[in-house]
There are 2 protein chains.
Amino acid sequence: MEKTGMAIQVIKEKLYQSGFKLTPQREIIVKVLIEKEHLSAEEIYMAVRAKHSGIGLATVYRTVELLTDLKLINKITFQDGIARYDLNHNEHHHQPHYLLCLNCGKIDEVEQDMLIDIEKEIEKNHQFKIKDHRLTFHGICQDCLKKTDSNQ
Amino acid sequence: MEKTGMAIQVIKEKLYQSGFKLTPQREIIVKVLIEKEHLSAEEIYMAVRAKHSGIGLATVYRTVELLTDLKLINKITFQDGIARYDLNHNEHHHQPHYLLCLNCGKIDEVEQDMLIDIEKEIEKNHQFKIKDHRLTFHGICQDCLKKTDSNQ
DNA sequence: CTTGGTGCAAACGTTTTGCAGTATC
DNA sequence: GATACTGCAAAACGTTTGCACCAAG
């Protein structure tokens with residue numbers, strides 16, 4: 001709960017710095033985002049309604065849009081076209097890399113930025129100034145590998 | 001025209017090998033995909049209607065789905081959630097990397113696979129068997145850099 | 001005549017928007 | 001009382017599907 005309180009405080013400050021408020025609805029949404037990762041808007045909405053039944057889906061969308069604009073959370077869309085949201089804990093603005101299991105759908109994050117050298121090469125070879133990146137690996141996670149190993 | 005004819009011939013063969021036909025509608029769609037890259041379904045539909053006004057949008061969707069399943073084209077979805085399609089010229093099954101200009105929206109491709117070493121490291125460190133990847137760099141393209149350089 | 005393919009329109013799931021009402025300063 | 005924010009419902013958007021019709025072997 002310490003961590004939650006701290007994170008909310010930081011977000012509250014950044015909101016006020018930009019002229020926005022941390023309304024009760026926004027606070028509940030942020031708490032949900034702290035508790036669980038990779039949630040879609042619908043999933044946030046469900047979790048939020050469990051705590052405060054009066055919140056509308058539109059508020060969820062408007063809040064995650066606001067938080068994304070302020071770079072407080074990351075919005076990521078995999079191939080299914082559904083946007084998912086994660087708190088942006090690291091100060092560095094780069095997106096983490098994702099490991100997406102094709103079997104069970106689990107999403108893992110790799111916080112370490114492994115693209116630095118590649119980005120330098122791309123910038124040199126293509127005269128393209130890189131601001132951000134999205135990298136997702138599709139494959140089979142550790143758990144699913146174990147399950148299938150014994151059978152095949 | 002040589003290139004177009006060859007590409008269509010290859011696609012026709014692969015379709016027949018899998019028990020499908022190259023209908024007139026499918027042929028027109030393929031020709032459009034040969035002529036332009038990174039088209040959305042809607043854009044394919046527009047281009048196709050210019051050549052043959054009777055084709056329906058559903059046929060476009062069904063065709064690109066079929067071609068994607070047969071790995072004849074790549075489907076890629078950027079952060080806007082709109083799927084785009086590209087002919088898969090290289091035999092290797094890996095997705096190219098993309099350079100997306102935040103200023104003008106231009107999409108460039110990097111065919112060379114630069115992730116091989118990183119994938120080895122991820123597989124070792126996370127016990128995750130990688131099957132495919134999606135890598136997009138967001139930044140400013142050469143043309144837009146030139147335009148803004150003089151002003152700032 | 002059977003099978004696969006098509007066009008149209010309707011349905012779908014996610015996201016956005018208009019608007020009237022609410023809370024806050 | 002002005003401003004930012006909310007909830008609801010409707011609309012918008014890209015995409016998929018049901019179905020009757022068509023084409024080809």
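Chain naming here is simple, since letters A, B, ... match the order of the sequence lines and numbering starts at 1 in each.
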**Q** Is it possible for you to say whether B/I34 and B/I107 belong to one hydrophobic cluster, with membership spreading through side-chain heavy-atom contacts below 4.5 Å?
**A**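 No, no single cluster joins them.
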
**Q** Take the C1' atoms of the five end pairs on each side of the helix from C/dC1-D/dG25 to C/dC25-D/dG1, derive the two axes, and give their angle rounded to 10 degrees.
**A**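 One end axis against the other gives 10°.
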
**Q** For the pair made of CD in A/E42 and C1' in C/dT15, what is the distance, rounded to whole Å?
**A**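 Roughly 11 Å, once rounded to whole Å.
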
**Q** Test your reading of the model: is there a side-chain donor-acceptor pair from A/N88 to the backbone of A/K71, 3.5 Å cut-off?
**A**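 Looks like yes, one N/O pair under 3.5 Å.
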
**Q** In whole Å, what is the span from the OH atom of A/Y45 to the P atom of C/dG13?
**A**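 Computing the A/Y45:OH to C/dG13:P distance gives 16 Å.
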
**Q** Heavy atoms under 4.0 Å, any strand shown: does B/I55 hit a base, just sugar-phosphate, or nothing?
**A**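 Sugar-phosphate, backbone atoms only, no base.
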
**Q** Specify the residue among B/P24 and B/Y61 whose closest nucleotide of DNA chain D lies further upstream toward the 5′ end.
**A**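 Comparing both residues, the 5'-ward one is B/Y61.
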
**Q** Could you pick out which residue, A/R26 or B/E65, lies toward the 5' side of DNA chain D when each is mapped onto its nearest nucleotide?
**A**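 Final value for this comparison: A/R26.
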
**Q** Donor-acceptor pair, distance only, cut-off 3.5 Å: does the side chain of A/R134 make one with the backbone of A/I76?
**A**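 Not confirmed, A/R134 side chain does not pair with A/I76 backbone.
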
**Q** When the distance from CZ of A/R62 to P of C/dC19 is rounded to whole Å, what number comes out?
**A**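 Those two atoms, CZ and P, are 13 Å apart.
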
**Q** Just how far, in rounded Å, is P of D/dC5 from CG of A/L15?
**A**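 Spelled out: CG on A/L15 to P on D/dC5 is 9 Å.
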
**Q** Would you kindly give the NE2-to-C1' distance between A/H52 and C/dT22, to the nearest whole Å?
**A**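 Rounded to the whole Å, the gap is 12 Å.
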
**Q** Does the B/D86 side chain pair with the main chain of B/H38, one donor and one acceptor, at a distance under 3.5 Å?
**A**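 Side chain of B/D86 to backbone of B/H38: a pair is present.
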
**Q** Measure the distance from OH on A/Y16 to P on C/dC25 and round it to the nearest whole Å.
**A**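 So the two atoms are 7 Å apart, to the nearest Å.
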
**Q** Without decimals, in angstroms, what is the distance between A/L22 CG and D/dC5 P?
**A**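 Checked: the CG to P distance equals 11 Å.
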
**Q** Check whether any side-chain N or O of A/T59 sits under 4.0 Å from OP1 or OP2 of D/dG7, and answer yes or no.
**A**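 Indeed, a polar side-chain atom of A/T59 lies that close.
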
**Q** May I have the distance from A/E27 (atom CD) to D/dC5 (atom P), rounded to whole angstrom?
**A**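 So the CD-P distance, A/E27 to D/dC5, works out to 15 Å.
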
**Q** Over all strands shown, is B/G19 touching base, sugar-phosphate only, or nothing at heavy-atom distances under 4.0 angstrom?
**A**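 No contact at all - B/G19 keeps every heavy atom at 4.0 Å or more from the nucleic acid.
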
**Q** Any donor and acceptor pair, going by atom type alone, linking the side chain of A/E123 with main-chain N or O of A/I130 inside 3.5 Å?
**A**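 Such a contact is found between A/E123 side chain and A/I130 backbone.
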
**Q** Of the listed nucleotides (D/dT6, C/dG7, D/dC5), which one gets closest to any side-chain atom of A/Q25?
**A**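 When the side chain of A/Q25 is considered, D/dT6 is the closest of D/dT6, C/dG7, D/dC5.
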
**Q** Quick check: does any side chain N or O of A/N103 sit under 3.5 Å from a backbone N or O of A/I140, one acting as donor and the other as acceptor?
**A**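 Side chain of A/N103 to backbone of A/I140: no pair is present.
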
**Q** Look at B/T23 and C/dT6 and indicate whether a side-chain polar atom (N or O) is within less than 4.0 Å of OP1 or OP2.
**A**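 Yes.
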
**Q** For B/H97 and B/H133, take the angle between the two ring planes, folded into 0 to 90°, and tell me which bin it lands in: parallel under 30, tilted 30 to 60, perpendicular over 60.
**A**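 B/H97 and B/H133: tilted rings.
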
**Q** What's the closest nucleotide to the side chain of B/A83 if the choices are C/dA9, D/dT15, D/dC8?
**A**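 Of C/dA9, D/dT15, D/dC8, D/dT15 is nearest to the side chain of B/A83.
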
